Amino acid sequence: MKNFNIILGLVLLGLTSLSVQSAEIRDYHKDVIGKDCKTCHDNGIKQFPSDQSCLQCHDVDDLAKKTARSEEDKWQNPHNNLHYGKDVPCQECHSEHKTKQPLCSNCHTFKFDKHKG
Amino acid sequence: MSNIDLLGRRKFIAGLGIAAGAAMVAPAMAVSEKADGVKWDKEVEIVIIGSGFAGLAAAIEATKHGAKDVHIFEKMSYFGGNSAINGGLFAAPGTPMQKKEGVEDSVDRMVNDQLLSGRGIADEGLLRHVASHAVEALQMTLDAGSEYHPYLQQLGGHSVARTYQTSVSCGAGITQPLYKECKRIGVNTHNRSKFEGFLVGNKGEVVGVKMRQNYHFGEDQPGKVLNIRAKRGVIMATGGFAQNVDLRMAQDPTLTADVGCTNAPGATGEGMFEMFRLGAIPVHLAHIQSGPWASPDEGGFGYVSNYSIFNLPHSIAVSRTTGKRFMNEIADRKTRADAELSNRDEKGNPVPPLLISSFKDSKAHPNTEKVIKYNVGWKFESLEELATHFGVPLAGLKAQIAEYNGYVKTGEDKQFGKDMTLAKNKMIEAPFTVVRLWPKVHYCQGGVKVNTKAEVTDSFTGKSITGLYAAGEVCGGIHGVSRLGSCSIPECMVMGMTAARSLMNV
Ligand SMILES: Cc1cc2nc3c(=O)[nH]c(=O)nc-3n(C[C@H](O)[C@H](O)[C@H](O)COP(=O)(O)OP(=O)(O)OC[C@H]3O[C@@H](n4cnc5c(N)ncnc54)[C@H](O)[C@@H]3O)c2cc1C
């Protein structure tokens, strides 16, 4: 039992440090997520969150508005882009626990100054 | 049937995997199995694997002919495959725009152009089938809402201008409307769903598929595998394998990881492989095409590719070390890619050649501004400035441009025999726009053998494998050695439509 507690403690510590890390990438998530990993991990803690998970709080249309570009570059909007419209799941470009490149960088040299992993 | 022994052997291997230890979480190996006694998790009318041109066109056509329960499965999180990042160039003979522009063209003429670039090993029957139905496919895109530039283009290896291009200069100008049309007519679409193998009936017929749900490409998270029964059949539209470095190097050792690739990450070929294991005939796998219009200054297809495709007919490509031309700028792809690859220094390191255009002519293409803005191309006010920037010998370059401008006047290219029709009145003069050229692995001519009904042929019996259809880049042999630009969209769409018609018995 004692061993079990230690292991449990270690596991929790691990999880906490993960969530700290996630809060580091996006500090504004700290309050919402707190220590409850399940806020995002709706498929179970060890699984990636579902594609709908982020959409509990974020609205695609709002995001598209926020990242809109000028008429000439309108299709470079990551949240409403030429190739996939508004249908790219968030996890393709974003991650809470590590930094990621935006999907566009596979082929383009666009800059997304505010992109955080 | 050829597959029976293979299946037995694979079961044995799979068994070994389990015995070796439970720690091995679901290896990526695809495995087909006998359907005998499997528990079906789901039963649908038509299974389509892959969501590019071929898969989307098949879904729409099947629905048009009365299918009620069509499902598209896509392993990536987003839909569209190579088709969604494609250049949007669509060749068809006898189109309304050709009539308007007075271009004489025919099915025969398009097939002949393709046979030439196929260098004797293209499949004339399939080419003819595709060319004969290309206008119908174009119409399907128009019906779904695709829009095209108001002019035709003449691409390398084509004897006339027969190529439409979407107004966004990208295949997404087709996949987005087709995808929306699929949604509108009730096609079921599933992302993160990876095809893992066939379920095969007693007579060797395909009766269903094993599909991994909640699959995250490139991540270590295997989802659950479902057995899905396909009442009418399965259409494989999984595209090419240009992103599978091992596989392409096995065919052509020069195509190492160092050679760039224009394809979407999902072009890894396991769908094709599983068909081979089942007995499909591999055709022309070693003919892998590189795009001679790509740039080493950006990833994938980027902005430069379409920019160059548009500009090559009225521009010159010169070697950086001599300032001289080294190829016919609109020869077929293989000819040009090989010529470009020969641009190297004494140590054998690449010295990518330059494509020089007059700004006045290049700016007609919407990508020109972007190419300059995103630092993958340059604008120069004078030849001196250009030559200094790239360290090209000025005298040689000057002489070359003067010589070439002579050909523009006479309409005859004495250096490389380039068709000067689209270069008419387009002198090379300042200001200039320049991009660097270097080939990237682009298209797999090889794949499984199909007939003009999109049925997959079995290697041993020579007959079609019942219940199995394939369309698009996953099929091989159609184009032979080298596919002409803008000829994949018509192929994918026509063969997708054909597979649907075969399934629906029309
Ligand atoms: C950058 C680029 C530009 C091009 N430009 C042109 C052009 O202008 N004109 C032209 O004619 N041709 C062009 N081509 C070629 C053409 O785009 C492709 O040949 C065509 O898109 C292939 O379509 P498809 O439907 O066969 O496959 P794809 O569009 O590649 O679709 C296949 C789909 O299957 C999915 N898939 C693969 N394996 C599995 C699996 N195991 N389970 C589930 N899903 C799977 C893939 O993720 C992919 O989404 C271009 C190609 C590229 C890469």
Side-chain angles (χ1 to χ4, degrees), chain A residues 18 37 40-55 58 60-61 63-64 69-113 115 117, chain B residues 51 74 76-86 88 166 168-173 175-177 179-180 183 189 191-192 213-224 243 260-265 294-295 297-305 366 369-371 373-377 440:
Chain A
L18 276 179
C37 309
C40 302
H41 286 269
D42 54 350
N43 278 340
I45 301 299
K46 285 188 183 155
Q47 301 282 311
F48 286 108
S50 73
D51 287 337
Q52 283 68 46
S53 179
C54 310
L55 305 178
H58 297 279
V60 185
D61 295 315
L63 291 170
R69 297 198 157 193
S70 67
E71 176 58 26
E72 174 193 313
D73 292 338
K74 71 169 179 180
W75 285 121
Q76 288 165 20
N77 183 347
H79 299 111
N80 184 15
N81 63 83
L82 174 65
H83 304 287
Y84 313 105
K86 294 179 182 169
D87 283 341
V88 182
C90 312
Q91 292 173 64
E92 204 53 49
C93 308
H94 302 293
S95 168
E96 292 296 304
H97 302 299
K98 59 180 181 190
T99 51
K100 272 189 168 176
Q101 290 289 315
L103 178 60
C104 319
S105 67
N106 279 346
C107 304
H108 298 291
T109 56
F110 313 148
K111 297 261 178 313
F112 297 112
D113 293 332
H115 179 76
Chain B
S51 63
E74 168 58 52
M76 305 306 279
S77 68
Y78 44 85
F79 294 94
N82 275 348
S83 305
I85 58 166
N86 142 308
T166 59
V168 288
S169 300
C170 177
T175 54
Q176 284 280 303
Y179 177 72
K180 288 190 182 121
K183 289 292 201 196
T189 56
N191 66 339
R192 299 198 191 279
Q213 307 289 91
N214 192 18
Y215 169 77
H216 285 243
F217 181 81
E219 307 274 2
D220 184 18
Q221 183 184 288
K224 189 169 172 258
Q243 284 287 12
C261 180
T262 63
N263 283 206
S295 160
D297 298 306
E298 62 185 351
F301 198 64
Y303 275 135
V304 173
S305 301
E369 248 175 79
K370 298 208 159 62
V371 159
K373 179 164 168 185
Y374 293 101
N375 293 322
V376 291
K440 285 182 189 166

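Residue numbers begin at 1 in each chain, while the letters A, B, ... track the order of the sequences. Since we're looking at a predicted model, the values are computed, not measured.
- When heavy atoms are compared at a cutoff of 4.5 Å, B:Asn214 approaches chain A solely by way of its side chain, counted from C-beta outward.
- The structure places CD of B:Glu298 at 9.0 Å from CZ of A:Phe110, a figure rounded to the nearest 0.5 Å.
- For A:Asp51, the part sitting under 4.5 Å from any heavy atom of chain B is the side chain, from C-beta outward, and nothing else.
- Looking at B:Tyr303, the atoms closer than 4.5 Å to chain A (heavy atoms on both sides) sit in the backbone and in the side chain alike.
- Other residues, nucleotides and ligands place no more than 12 heavy atoms under 6.0 Å from the CD atom of B:Glu369.
- Ring planes of A:Phe48 and B:His216: parallel class, angle under 30° (limits at 30 and 60°).
- Looking at B:Lys180, neither its backbone nor its side chain comes within 4.5 Å of chain A, counting heavy atoms on both sides.
- With hydrogens and angles disregarded, a donor-acceptor distance shorter than 3.5 Å links the side chain of B:Lys370 to the backbone of A:Glu72.
- The CG atom of B:Asn191 sits 9.0 Å away from the CG atom of A:Asp87 when rounded to the nearest 0.5 Å.
- For the ring pair (Phe, Tyr, Trp, His ring centres under 6.0 Å) test, no residue two or more places apart in sequence or in another chain qualifies with B:Phe217.
- Within the 4.5 angstrom heavy-atom criterion, only side-chain atoms of B:Pro265, from C-beta onward, approach chain A.
- Inter-residue side-chain proximity for B:Val168 and A:Trp75 is flagged as met; some heavy-atom pair is nearer than 4.5 Å.
- Note that CZ of B:Arg192 and CD of A:Gln91 are 5.5 Å apart. Values are rounded to the nearest 0.5 Å.
- A:Gln47 touches chain B through backbone and side chain together, each having a heavy atom under 4.5 Å away.
- Here the closest non-hydrogen pair linking A:Cys107 and B:Gly300 is SG-CA, 3.8 Å.
- A:His83 places a side-chain N or O within 3.5 Å of a backbone atom of B:Ala84 that can act as its donor or acceptor partner.
- Rounded to the nearest 0.5 angstrom, B:Lys373 NZ and A:Thr109 OG1 are separated by 10.5 Å.
- A:Leu82 CG to B:Ile85 CD1: the interatomic distance, rounded to the nearest 0.5 Å, is 11.0 Å.
- By the 4.5 Å heavy-atom criterion applied to side chains, A:Gln76 and B:Tyr374 are counted as neighbours.
- Interface check for chain B: of the options A:Lys111, A:Glu92, A:Lys46, the most heavy-atom pairs under 4.5 Å are formed by A:Glu92.
- Expressed to the nearest 0.5 Å, how far OH of B:Tyr78 lies from CG of A:Leu103 amounts to 5.0 Å.
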